[in-house]
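Have a look at the structure below before the remarks.
Proteins come first, then strands; the chains are lettered A, B, ... in the order of their sequence lines, and each starts at number 1.
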Protein chains: 2
Amino acid sequence: MVNRITIKEIARKADVSIGTVDRVLHNRGRVAEATRDKVLKIAKEGNYSSNVMARHLKLNKTYRISVILPEENNYWLMLKEGIEEGCEEFGQMGFTAGYCFVANDGSQAMQLNQILDSDADGFIIAPSAFHQQTDLLSKLREKGKPYVFVDSNIIDAGQLTFIGQDSYRSGVLGACLLHDKYLSDYEIYITTFSESDIKEQIIKNRIEGFRSYFDENQISHVNIHEVNLEKDQITADDFLNVLLKHENPVHLFIPNSKTYKLAEQLIQFKETNQLRVVGYDLLQSNLRLLNSGTIDYLIHQKPKVQGYLGMQSLYKNIVLKTDVPLHQYMPLDIINKENVMYCQ
Amino acid sequence: MVNRITIKEIARKADVSIGTVDRVLHNRGRVAEATRDKVLKIAKEGNYSSNVMARHLKLNKTYRISVILPEENNYWLMLKEGIEEGCEEFGQMGFTAGYCFVANDGSQAMQLNQILDSDADGFIIAPSAFHQQTDLLSKLREKGKPYVFVDSNIIDAGQLTFIGQDSYRSGVLGACLLHDKYLSDYEIYITTFSESDIKEQIIKNRIEGFRSYFDENQISHVNIHEVNLEKDQITADDFLNVLLKHENPVHLFIPNSKTYKLAEQLIQFKETNQLRVVGYDLLQSNLRLLNSGTIDYLIHQKPKVQGYLGMQSLYKNIVLKTDVPLHQYMPLDIINKENVMYCQ
DNA sequence: TCACAAAGTGTTAACGTACACGCAAAATAT
DNA sequence: ATATTTTGCGTGTACGTTAACACTTTGTGA
């Protein structure tokens, strides 16, 4: 990186003007084949790469990043925080971000069209923000605008990169946290709620991973139940009664961020049944339950870091023009009462 | 950050030349009091901050960062990796790093003097690299060079920032991971080795935190033992026998990265005693023991991220000239077999 | 043969900053 | 009164890149 060759030097070595070198390097034609080859050879030998500072100074361009998120809750605001941090760091390069929280009603299409019209230079998208079908992505592809997926992925959708967890493995981890070797027979309840399609898929993966742990390790003293409270039309109180009726001890795996929806029931559950509760995501409400000892472990996705990495990826793509890996898997963070205070 | 006022604009508004504005902003004198005030007022109103790109382009300066680490093992090489990543990202700004692994013999002073003479622009230092007393830090302070501590801290030593864990809280976490509510009386062995002063302090903090967990939660069915294998002159095999003789089940807390030194004994221990082993740091050898199920949890400090943050902090200080927090605490990462593959 | 396009190349002015230099006016010294 | 220094300020150039523009030379069609 140090002592890189400059256009001026290439020009001198090739005995042409910097204008010609520029035309060669930028493929804007009208250069004799022989000259072209000579310049390219020298550039390659000198390991030329354009000076980002100088280019940015000349172009004096600002880059607007449009961020598309589902709702303005605690979780997504943490992601936003990370993006803001990125703006601060890449602000010198002229990076700014604008946010759109997509409404879950008829106005989604209109909102997304507005975003398209605003013509940003890059996008950070949480796919679960798409409450209905959309052709936003294909339009972005047509325009050649880079977009990054955070939190959840869509396979082969032309994204620059995906930043998030491997949901299958996070399920395996959840299982491991609920595995008790010394306990004789015990029950595990997997509790879900109905969600949007994309989230549904993530939760399916988590559950698959969760079950695979017990299958692959041939653990048979565990009885796994799966309950979708909304689909099965069970109230939280009824569910609590089901849990308490068991003679065996009971563990709980809640493969979504909505643990808080069972808050009151969980507190009661914990009073009589000392077994573990594993949930997802450090929402404010979940944090309270963690601190009070109601939730034992949360699997955390570091939304703030996701946001930061999203900005960083766009910076690398747009400004540095370097490659970005297609998958940037976030660590599967285990959070409990004792390490939550240093959790990013 | 966007649409910042430029020197030229300030000059126009103040009805002076850019040279005068420059003299004011850089305090290089020979400006009339009245002019000075006028320029400063306009600069402040326009929220002036110098354009880092332009300045860097003009100065065309490269920054050399000198990295001082204890030894070239797995752990510190991960930290180096993070620094290299930072070099890549800030390479456009002319950042490069050079490494010095300090020998643990008489040549330390000579090595450190060489580093001083090489006259780098910033330093990343793992304080445990100082095997003997040194006045390197005071010399760096005299020269006004910024230095960052990673891994372990020295209080009030003039560092730009410290990047690492809160060792006390990490001990608390370790205790939590070894806390079994349903077990009747059981034993916990805290196993240490002799270390350099600075590391000794960290380990003392971890143990203090560890013990405080059981004290504060008034947990009395746990008997905690502390053994320094080197000081107490106990061989690993003898230690194993001590563990196996207990009638109560036994947990192990090894508050340093040297779990691997007990590898064979631990494997035997695990065969008869199914209780948990908690260690520190994802060394290659510890990783093997984790994957084989011998170690249950490792508390991980993300050395790679520490390295990256070190470079980032120096970049922010040297180039952006922004403030950096004095403490940047790393998360207390819980690593087990199931999440180790996505661990940074 | 001339006009005029096309191909191939060079020149130049920015972007915002830093800093050396120069020049006038005022202040001081001789 | 003249010489010299000091004070206050403006000018110009360079960093590396981009892109508009201008200039030659050759090719093409009427």
Side-chain angles (χ1 to χ4, degrees), chain A residues 1-40 42-43 46-63 91-95 121 318-321, chain B residues 1-40 42-43 46-63 91-95 121 318-321:
Chain A
M1 267 300 175
V2 180
N3 279 337
R4 297 195 317 276
I5 198 172
T6 67
I7 283 189
K8 201 196 271 184
E9 252 179 297
I10 296 177
R12 192 180 50 73
K13 285 192 183 175
D15 200 32
V16 292
S17 74
I18 59 167
T20 303
V21 176
D22 180 65
R23 268 185 296 270
V24 171
L25 295 176
H26 290 82
N27 280 316
R28 16 196 183 91
R30 306 211 346 189
V31 181
E33 193 73 19
T35 317
R36 198 184 129 77
D37 290 346
K38 190 165 58 174
V39 167
L40 281 179
I42 293 169
N47 209 353
Y48 175 80
S49 74
S50 97
N51 182 320
V52 174
M53 310 291 132
R55 175 167 22 151
H56 188 265
L57 181 61
K58 175 66 183 85
L59 295 179
N60 210 3
K61 201 167 146 37
T62 59
Y63 304 99
Q92 281 289 344
M93 290 298 198
F95 271 70
D121 303 283
I318 296 175
V319 177
L320 299 184
K321 294 178 195 298
Chain B
M1 267 295 176
V2 179
N3 280 336
R4 296 196 317 278
I5 198 171
T6 68
I7 284 190
K8 201 195 271 183
E9 252 177 299
I10 296 178
R12 192 180 51 74
K13 284 192 183 176
D15 202 30
V16 292
S17 74
I18 59 167
T20 303
V21 176
D22 180 64
R23 268 184 298 270
V24 172
L25 295 176
H26 290 81
N27 279 316
R28 19 199 176 89
R30 300 197 12 175
V31 182
E33 193 75 18
T35 316
R36 199 184 127 79
D37 291 346
K38 190 164 58 173
V39 167
L40 281 179
I42 292 170
N47 208 353
Y48 175 80
S49 74
S50 97
N51 182 319
V52 174
M53 310 291 134
R55 185 197 357 201
H56 188 266
L57 181 61
K58 176 68 184 79
L59 295 178
N60 211 3
K61 201 168 147 37
T62 60
Y63 304 99
Q92 281 288 345
M93 290 297 199
F95 271 70
D121 304 281
I318 297 175
V319 177
L320 299 185
K321 294 177 193 298

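Overall, the helix from C:dT1-D:dA30 to C:dT30-D:dA1 carries an axis bend of 60° between its ends, with five pairs at each end and the value rounded to 10°.
For the side-chain contact (heavy atoms from CB on, under 4.5 Å) test with A:Ile7, the passing option among A:Ile18, A:Val39, A:Thr20, A:Asn51 is A:Ile18; the others fail.
Remark: A:Arg30 engages no residue in a salt bridge (charged side-chain N to carboxylate O under 4.0 Å, His left out) (not counting sequence neighbours). Considering only residues two or more places apart in sequence or on other chains, A:Asp22 meets the side chain to side chain donor-acceptor pair (under 3.5 Å) condition with A:His26, A:Arg28. Residues passing the salt bridge (charged side-chain N to carboxylate O under 4.0 Å, His left out) test with A:Lys61, sequence neighbours excluded: A:Asp121.
Between B:Val24 and B:Leu40 the shortest side-chain heavy-atom distance falls below 4.5 Å. Taking the side chain as every heavy atom from C-beta outward, B:Ile5 and B:Lys13 approach each other to under 4.5 Å. The closest side-chain heavy-atom distance from B:Lys321 to B:Arg55 is below 4.5 Å.
Nucleic acid contact class of A:His56 (heavy atoms, under 4.0 Å, all strands): none.
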In the 5'-to-3' direction, what one-character label does each nucleotide of nucleotides 7-16 of chain D receive under the scheme B = base within less than 4.0 Å of a protein heavy atom, S = sugar-phosphate only, - = no such atom? BBBBB--BBB
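When every heavy atom of B:Gln92 is checked against every heavy atom of A:Ser50, the shortest pair comes out as NE2-O, 3.8 Å.
Under the 3.5 Å distance criterion, the side-chain polar atoms of B:Arg36 are left unmatched by any main-chain donor or acceptor of B:Val31.
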Set out, in order, the CA-CA distance, both residues' side-chain angles and the distance that settles side-chain contact (heavy atoms from CB on, under 4.5 Å) for B:Met53 and B:Met93, then state yes or no. CA-CA 9 Å; B:Met53 310 291 134; B:Met93 290 297 199; 4.1 Å; yes
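Bracketed by its first and final contacts, the part of DNA chain C lying under 4.0 Å from non-hydrogen atoms of chain A reaches from C:dA7 to C:dG16 in 5' to 3' order.
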